[in-house]
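The structure appears below as structure tokens.
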Amino acid sequence: MKSFLSNLFRSFSKPWWVEISTTQPRCLYYFGPFDTESEAIQHNDGYIEDLEQEGAQKIDVSIKCCSEPAHLTVEYTEPSAVKPVVYNN
């Protein structure tokens, strides 16, 4: 019964996402979805390590409970640009 209730709750709740922004390149990344906040936290170090190896700078990480982002990767071409370059993952 407990497993049934857990699965039912999970089907109505929003998933967890790791949101990572970098200043160089100026990008916003979403990794997920995850069932729990702790699962997202467990995975974020690997994403940070990958971005550091690719040369990303000033990495900022947030764990969010939200609907699936429209785009998993957003690259901003200029600081004042209104419309970012978007990659459909």
Side-chain angles (χ1 to χ4, degrees):
M1 183 68 171
K2 184 179 180 182
S3 177
F4 170 76
L5 291 176
S6 295
N7 288 336
L8 182 63
F9 175 75
R10 209 172 309 152
S11 68
F12 288 108
S13 64
K14 291 181 180 178
W16 289 89
W17 294 86
V18 177
E19 179 190 80
I20 300 179
S21 63
T22 59
T23 59
Q24 188 60 36
R26 191 162 177 263
C27 291
L28 182 62
Y29 306 93
Y30 287 95
F31 299 95
F34 299 99
D35 291 331
T36 64
E37 180 181 22
S38 61
E39 184 183 5
I41 291 169
Q42 288 174 347
H43 287 87
N44 77 22
D45 287 343
Y47 302 132
I48 294 168
E49 185 177 317
D50 288 347
L51 290 169
E52 287 175 337
Q53 288 177 357
E54 292 175 14
Q57 297 176 7
K58 294 189 181 176
I59 298 170
D60 185 38
V61 180
S62 297
I63 307 297
K64 296 187 171 192
C65 183
C66 59
S67 299
E68 182 173 348
H71 305 285
L72 300 179
T73 302
V74 179
E75 180 180 356
Y76 298 95
T77 55
E78 298 177 18
S80 62
V82 175
K83 188 172 183 180
V85 176
V86 175
Y87 300 97
N88 291 320
N89 301 17

By the side-chain hydrogen bond (donor to acceptor under 3.5 Å, both in side chains) test, which pairs, at least two apart or in different chains, include something from residues 38-50?
T36-S38
Any chance you could measure T73, atom OG1, to H71, atom NE2, to the nearest 0.5 Å?
10.5 Å
Can you pull out every salt bridge (charged side-chain N to carboxylate O under 4.0 Å, His left out) where at least one residue sits in residues 51-62? Sequence neighbours excluded, please.
none
Only pairs under 3.5 Å count here: list side-chain donor-acceptor contacts from residues 17-24, not counting sequence neighbours, and write none if there are none.
from : atom 1 : to  : atom 2 : distance (Å)
W17  : NE1    : C66 : O      : 3.3
E19  : OE1    : K64 : NZ     : 3.3
E19  : OE2    : Y30 : OH     : 2.7
E19  : OE2    : K64 : NZ     : 3.2
T22  : OG1    : P25 : O      : 2.4
T23  : OG1    : Q57 : O      : 3.2

Residues F31 and F34: closest non-hydrogen pair is O-CE1, 3.4 Å
Does the pair L72 and Y29 meet the rule for a side-chain contact (heavy atoms from CB on, under 4.5 Å), with working shown?
CA-CA 6 Å; L72 300 179; Y29 306 93; over 6 Å; no
